Chemist: 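Okay, here's the structure, questions in a sec.
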Amino acid sequence: GQLVGIVTRTDVLRQIHQNERVRFEGVALVSCLLPTIKERLEPVLWSFLQAAATAAQKRGWHLYLVGGAVRDLLLATERDTLLLQDIDLVVDGCHRAAGVGAGVELANCLREIYPGARLSIHGEFQTAALLWHKDERFGSLWVDIATARTEFYPYPASNPQVEASSIRQDLYRRDFTINALAIRLTSPKEGELLDFFGGMLDLRAQEIRVLHANSFIEDPTRIYRAVRFATRLGFVIEPLTENYIRYAIESGVYDRSRQQNQNAPALQSRLKAELNYILEADYWESALEKLADLGALHCLHGDLSLNRALWRQLRCLSRWLDCLSLELPVNAWLMRLELLIASLAVGERIAIANNLQLPKDTVERLQKLEVMEKEISNNFAYDRPVSQIVSFFNGYQVPSLLLVAVRSETRIRGLIWQYLTKWSQIEAPIDGNDLKALGYQPGPQFKSLLAAVLGATLDGIVSNKSEAMAFIARLTRAC
């Protein structure tokens, strides 16, 4: 007389289809993965998982290692030893007996065993995280611990509402089959691989497959995740999944939710995180190209697209960042994002920057970009001494100069390149100690004299210390 679950036609067909694929493709199923985990994990992580399983077992709960850690363990070769820095654990409280707080309780227990970890509790979803920062044993490990739960999206691109559920439902709420895998850490059947949705087959086929048709309607950041996983792992997006992506984008649901400001707090923060992952990675170019092909940049703005000019600017920016990365404190992924949205009208780019909660100086830079471009262009309509060029460019931040450079004509770009790579690095051959030796008293005069010497050095009038001393003497006699 008590409802414990529902078996649908989809469940039956999926199971039959999966069994047929297993027989057809001859996939060997592994009965226990604990030896594989022990072999491929660092000993300190293996000990941690054992401690977590023991604590859960004492409370009568099942504990599972889920998501990306399972995927990476299965993809790793026998020679690989993984020091995972992001682990997801799920507590299944046996048909909700443990309530939504089971994950938090287990996290508190582990915090007592590992006092070096910082405990963070997220009340809204009743999840907890244990974090280490540059620890001698764990490095910068992040362990999320949650109770098995299911999700409901009140409207497209919103934050989900959650409630406690089973491990199967917890895996079903995830983005792709290759991330919907779990390994049981508690007995009985410890080491058992849970693969309800064909994730192992997709790992072998190297495909990114979504779990249900409305997945991208619910959360458009999954489009970015699909592209990120495909490019990072060398996989392809399965054709039907790609059709779901294109349908979701063409439906206009993101434009409507953005106009109604429904997704500002939820969608934009997730989009920012995905943009960060993609634009700072080595594979950013191929990922961005795929996003553009799918039309996924419309999730940011309906008019955002990659034309030939913008591609040229992005590639030019990357070459500059590669050359300057060791010398200048520039955030590469953020610069690429700024250049992307700078292709829109000023008002639109500012709205996007604010929604994504980008830094204040980024917003100001995007707002004043055309003004800066005009100022620089007007000031270099004719030739100037190097000292004047340096003095002028000193008034701008490096990220501003980078944006202006890649969007400007060759001449302006060349001047900015010379400034960043050569002229800004030149120093005067004398310093304050040399001025003291000449009998000058420290004060405001020091700054003006050293500035004059630097200007003379930049313009080729002074090239060594003796010439600088003579220059100072002539300068003070003239005064």
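None of the values given here were measured: they were computed from a predicted structure. Any value given below was found using the heavy atoms of this structure, including those in side chains, with hydrogens, waters and symmetry copies removed.
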Chemist: Is there a side-chain contact between L275 and I278, using heavy atoms and a 4.5 Å cut-off?
Modeler: no
Chemist: Without swapping roles, check the side chain of N355 against the backbone of A351 for a donor-acceptor pair under 3.5 Å.
Modeler: yes
Chemist: Might you point out which heavy atoms bring A55 and L106 nearest each other, and give the distance in Å?
Modeler: CB-CD1, 3.6 Å
Chemist: Does some side-chain heavy atom of Y277 sit less than 4.5 Å from a side-chain heavy atom of R225?
Modeler: no
Chemist: Which residue is it: T221, D175, T241? I am looking for the one with a side-chain contact (heavy atoms from CB on, under 4.5 Å) to F216.
Modeler: T241
Chemist: Treating S424 as the side-chain partner and Y419 as the backbone partner, does any N or O pair qualify as donor plus acceptor under 3.5 Å?
Modeler: yes
Chemist: How would you list, by chain and number, every residue that makes a side-chain contact (heavy atoms from CB on, under 4.5 Å) with A470, sequence neighbours excluded?
Modeler: R474
Chemist: Heavy-atom distance under 4.5 Å between the side chains of L358 and L337, does that happen here?
Modeler: yes
Chemist: Holding to salt bridge (charged side-chain N to carboxylate O under 4.0 Å, His left out), I want the full list of residues that pass it with D144, two or more places apart in sequence or in another chain.
Modeler: none
Chemist: So, using side-chain contact (heavy atoms from CB on, under 4.5 Å) as the criterion, who are the partners of R137 when residues are at least two apart?
Modeler: V44, Y114, D135
Chemist: Scan R315, K290, R319 and name whichever one has a salt bridge (charged side-chain N to carboxylate O under 4.0 Å, His left out) with E285.
Modeler: R315
Chemist: Kindly check if the number of other-residue, nucleotide or ligand heavy atoms within 6.0 Å of CZ (R411) is above 12?
Modeler: yes
Chemist: D293: what forms a side-chain hydrogen bond (donor to acceptor under 3.5 Å, both in side chains) with it, not counting sequence neighbours?
Modeler: R246
Chemist: Output all residues satisfying side-chain contact (heavy atoms from CB on, under 4.5 Å) with L403, sequence neighbours left out; order by chain, then residue number.
Modeler: M335, E338, L339, R365, L369
Chemist: Please examine the side chains of W417 and W320, heavy atoms only from C-beta on, and report whether any two atoms are closer than 4.5 Å.
Modeler: yes
Chemist: Is there side-chain contact between R336 and L317, with heavy atoms separated by less than 4.5 Å?
Modeler: yes
Chemist: Determine whether F48 and I113 make a side-chain contact, defined as any pair of heavy atoms from C-beta on separated by less than 4.5 Å.
Modeler: no
Chemist: Once side-chain hydrogen bond (donor to acceptor under 3.5 Å, both in side chains) is applied, what residue pairs with a partner in residues 227-237 remain, sequence neighbours excluded?
Modeler: R228-E274
